[in-house]
Novice: 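Okay, handing you the structure first.
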Amino acid sequence: MGKQDVLSGSCKTETVTAERVRNPIPEAVTALAAGFKGGRWASHIEPVPIPSKEEVIGLVEQAQRILFPGFFSPDILRPENLEYHLGQQLSLFYEHLANQISSAIRHDCFRHNQACTLCNERSYEMAAALIEGLPAIRNLLETDIEATLTGDPAAANSDEVIFSYPGLFATMVYRLAHRLHELEVPLIPRIMSEHAYHRTAIDINPEATIGSHFFIDHGSGVVVGATTTIGDRVRLYQGVTLGALSLPRDAGVRLRNVKRHPTIEDDVIIYANATILGGETVVGARSIIGGNVWLTESIGPDTRVMLEQPRLVYFGRDEGGK
């Protein structure tokens, strides 16, 4: 059949009746429903709400507008309307956050067969505690901006860092999610951190502890595990992994509350694609870890760990490849 046939209307289409087509839907519905209702597969078939991933992402964006006023909003801000703007944004943030926390608490109680008491009141208390902590979080983020400007000669000014550095975005989300983790808010901190990961390819677990003046340069592939402890003025480059040693099959149960990830002390620099593993591994203050290093044992302060210079092999008419 060619183009002319279609244009002339001479295309003959076969009419297929419903009776002649095999319908796979009833059988698939029965099998899927049995798997979900029987508890063999994870699902949320429950009479309680669950946090909305879309709403949680909206909260991250709203928090960004609050913490960096004027950068991510179409409104023109002036000193005389700043307090009105912040009050409006915080009021909306408070209600939306409390609503999502309430869903997370109710879902958690139902999942663990616990009595759900004062869920609504608790959700507002947790949301209020996060809002009370926003000035301290913003102060930490200012130190992170300072660290970026100090550590990266390509960073022209703080505006550029706020608008375009993925490391700062991932750190902002981490600091919000970490505070919610401290408040024992279920599920939402991990939704936040996964959103940051999908936007930046930087994976920071909300349970990790990170000090001030934290700088991630470039960022893609950085992994910071749940029990990692990072001091002040630490700089990481792309591809750095702060992870756990090889884990047994039942690690999810047996090692859940055990320190599995390293401790990085103050003023440490870790270059691209370095891997540091193990809960007992400590990198001493002011140390430098070179690119591609694999480290599973502690080192003292003021230590440099580097790979030996590899021997390059050239293929061509001469060693210059000419």
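As the structure is a prediction and not an experimental result, all values here were calculated from the model.
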Novice: Looking at every non-hydrogen atom in both residues, tell me the closest pair between P186 and A104 and how far apart they are.
Specialist: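 The answer is O-CB, 3.4 Å.
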Novice: Under the 3.5 angstrom rule, does the side chain of T227 hit a backbone N or O of R260 as a donor-acceptor pair?
Specialist: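 Judged by distance alone, yes, a pair lies under 3.5 Å.
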Novice: Using the side chain to side chain contact (heavy atoms under 4.5 Å, CB included) rule, take L307 and W294 through it: C-alpha gap first, then chi angles, then the decisive distance, then the call.
Specialist: CA-CA 9 Å; L307 289 175; W294 180 280; over 6 Å; no
Novice: How far apart are the closest heavy atoms of Y165 and A154, and which atoms are they?
Specialist: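 The answer is OH-C, 3.9 Å.
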Novice: Give a yes or no on whether V56 and L92 share a hydrophobic cluster (residues Ile, Leu, Val, Met, Phe, Trp, Tyr; joining criterion: side-chain heavy atoms under 4.5 Å apart).
Specialist: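 The answer is no; the residues belong to distinct hydrophobic clusters.
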Novice: Under 3.5 Å, side chain of S298 to main-chain N/O of E280, donor-acceptor pair present?
Specialist: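 Yes, S298 side chain to E280 backbone: donor-acceptor pair under 3.5 Å.
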Novice: Check L77 against G70 and note the closest heavy-atom contact, atom names and distance.
Specialist: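 Taking L77 first and G70 second, the nearest heavy atoms are CD1-N, 3.4 Å.
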Novice: Do the side chains of I270 and V283 get nearer than 4.5 Å, heavy atoms only?
Specialist: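 Contact flag for V283/I270 side chains = no.
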Novice: Would you confirm whether T200, through its side chain, and A196, through its main-chain N or O, come within 3.5 Å as a donor-acceptor pair?
Specialist: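 Yes, because the side chain of T200 sits within donor-acceptor range (under 3.5 Å) of the backbone of A196.
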Novice: Does a sphere of radius 6.0 Å around CD1 in I45 hold more than 12 heavy atoms from other residues, nucleotides or ligands, not counting ones at 6.0 Å or beyond?
Specialist: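 Correct, the count exceeds 12.
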Novice: Quick check: is V60 connected to I216 through a chain of hydrophobic side chains (ILVMFWY, heavy atoms under 4.5 Å apart)?
Specialist: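 Per the 4.5 Å side-chain linkage, I216 and V60 are not co-clustered.
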Novice: With a 4.5 Å heavy-atom cut-off, do N120 and R106 have their side chains touching?
Specialist: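 The answer is yes; the side chains approach within 4.5 Å.
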Novice: Check whether any side-chain heavy atom of M192 sits under 4.5 Å from a side-chain heavy atom of Y197, and report yes or no.
Specialist: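 M192 does not reach Y197 side chain to side chain.
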Novice: Among D302, D232, D266, D267, which one satisfies salt bridge (Lys or Arg N to Asp or Glu O under 4.0 Å) with R286?
Specialist: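 Running salt bridge (Lys or Arg N to Asp or Glu O under 4.0 Å) over D302, D232, D266, D267 with R286 returns exactly one hit, D302.
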Novice: Using the ring centroid of each side chain, check whether F163 and F68 are separated by less than 6.0 Å.
Specialist: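 When the ring centroids of F163 and F68 are compared, they turn out to be at least 6.0 Å apart.
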Novice: Taking the side chain as every heavy atom from C-beta outward, state whether I50 and S103 have any pair of such atoms under 4.5 Å apart.
Specialist: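 No, every pair of side-chain atoms sits at 4.5 Å or beyond.
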Novice: To check you understand the geometry: which heavy-atom pair defines the closest contact between P206 and P189, and what is its length?
Specialist: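 Answer, listing the atom of P206 first, then P189: CG-O, 3.5 Å.
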Novice: Determine yes or no for a side-chain-to-main-chain donor-acceptor pair under 3.5 angstrom, with T30 supplying the side chain and P26 the backbone.
Specialist: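 Yes.
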Novice: Regarding Y84 and Q89, do their side chains bring together a donor and an acceptor under 3.5 Å, going by distance alone?
Specialist: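 Absent: no donor and acceptor within the cut-off.
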Novice: Just by distance, no angles: are the side chains of H178 and E182 close enough, under 3.5 Å, to form a donor-acceptor pair?
Specialist: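 Their side chains do contain a donor-acceptor pair, which is all the 3.5 Å distance test asks for.
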Novice: Between N81 (side chain only) and R78 (backbone N and O only), is there a donor and an acceptor less than 3.5 Å apart?
Specialist: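 It does hold such a pair.
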Novice: Does K259 reach the main-chain N or O of H261 with its side chain, forming a donor-acceptor pair under 3.5 Å?
Specialist: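 Flag set: sc K259 to bb H261 pair under 3.5 Å.
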Novice: Can you see whether F71 has R65 sitting over its ring - NZ or CZ less than 6.0 Å from the centre and within 45° of the normal?
Specialist: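 Verdict for F71: no cation-pi partner in R65.
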Novice: Does L134 reach the side chain of L67, with side-chain heavy atoms less than 4.5 Å apart?
Specialist: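 Yes; the side chains approach each other to less than 4.5 Å.
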Novice: Below 30° counts as parallel, above 60° as perpendicular, anything between as tilted: where do the rings of H218 and Y237 land?
Specialist: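 Rings of H218 and Y237: tilted, as their planes differ by 30° to 60°.
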Novice: Nearest 0.5 Å, please: how far is CD in E297 from CD1 in I276?
Specialist: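 CD of E297 is found 11.5 Å from CD1 of I276.
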Novice: Give, for atom CG of L90 and atom NE2 of H85, the distance between the pair rounded to the nearest 0.5 Å.
Specialist: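 NE2 of H85 is found 9.0 Å from CG of L90.
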Novice: When you group the ILVMFWY residues by side-chain heavy-atom contacts below 4.5 Å and let the links chain together, are V282 and V293 in the same group?
Specialist: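 The answer is no; the residues belong to distinct hydrophobic clusters.
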Novice: Locate the shortest heavy-atom distance separating A129 from L183; write the atom from each residue and the value.
Specialist: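 Looking at all heavy atoms of both residues, the closest pair is CB-CD2, 3.6 Å.
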Novice: Applying side chain to side chain contact (heavy atoms under 4.5 Å, CB included) to I57 and K53, what does each step give before you reach the verdict?
Specialist: CA-CA 6 Å; I57 292 172; K53 183 175 182 179; 4.1 Å; yes
Novice: Should V240 and F214 be regarded as members of a common hydrophobic cluster, given that ILVMFWY residues are connected when their side-chain heavy atoms come within less than 4.5 Å of each other, either directly or indirectly?
Specialist: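 V240 and F214: one cluster.
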Novice: Apply side chain to side chain contact (heavy atoms under 4.5 Å, CB included) to the pair R175 and D144, showing each step before the final yes or no.
Specialist: CA-CA 11 Å; R175 296 205 184 280; D144 301 328; 2.9 Å; yes
Novice: Check whether any side-chain heavy atom of Y271 sits under 4.5 Å from a side-chain heavy atom of I288, and report yes or no.
Specialist: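 They are in side-chain contact.
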Novice: Nearest 0.5 Å, please: how far is CG in L168 from OG1 in T148?
Specialist: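 If we round to the nearest 0.5 Å, T148:OG1 and L168:CG are 6.0 Å apart.
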Novice: Would you say R199 and F169 make side-chain contact, with heavy atoms under 4.5 Å?
Specialist: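 Yes; the side chains approach each other to less than 4.5 Å.
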Novice: Can you measure from CG (D152) to CD (E160) and round to the nearest 0.5 angstrom?
Specialist: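 Going from CG on D152 over to CD on E160, the span is 8.5 Å.
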Novice: Could you tell me whether a side-chain N or O of S102 sits under 3.5 Å from a main-chain N or O of A98, the two making a donor and an acceptor?
Specialist: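 Such a contact is absent between S102 side chain and A98 backbone.
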Novice: Do the side chain of E265 and the main chain of I230 share a donor and acceptor less than 3.5 angstrom apart?
Specialist: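 Not at all, since once roles are kept as given, no pair shorter than 3.5 Å links the two residues.
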Novice: Quick check for you: to the nearest 0.5 Å, what is the distance between I101 atom CD1 and L130 atom CG?
Specialist: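 Going from CD1 on I101 over to CG on L130, the span is 7.0 Å.
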Novice: Would you name the heavy atoms of S212 and L140 that are closest together and state the gap between them?
Specialist: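 Heavy-atom minimum between the residues: CB-CD2, 3.7 Å.
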Novice: Can Y174 and N205 be counted as having a side-chain donor-acceptor contact under 3.5 angstrom?
Specialist: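 Not at all, the side chains of Y174 and N205 share no donor-acceptor pair under 3.5 Å.
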Novice: Between S164 and V161, is there a donor-acceptor pair closer than 3.5 Å when you use the side chain of the first and the backbone of the second?
Specialist: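 No.
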Novice: To the closest 0.5 Å, what do you measure between CD1 (I131) and OH (Y124)?
Specialist: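 The OH atom of Y124 is 10.5 Å from CD1 of I131, to the nearest 0.5 Å.
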Novice: Indicate if L97 and M126 have the same hydrophobic cluster label, given that clusters are the connected sets of ILVMFWY residues with side-chain heavy-atom separations under 4.5 angstrom.
Specialist: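 The answer is yes; both residues are in one hydrophobic cluster.
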Novice: Taking it one step at a time, do L242 and V223 satisfy side chain to side chain contact (heavy atoms under 4.5 Å, CB included)?
Specialist: CA-CA 6 Å; L242 305 179; V223 176; over 6 Å; no
Novice: Within the structure provided, determine whether H195 and S193 are in side-chain contact (heavy-atom separation under 4.5 Å).
Specialist: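 A side-chain contact under 4.5 Å is absent here.
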Novice: Strictly distance-based, threshold 3.5 Å: is any side-chain N or O of T228 a donor or acceptor partner for the main-chain N or O of G225?
Specialist: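 Confirmed, T228 side chain pairs with G225 backbone.
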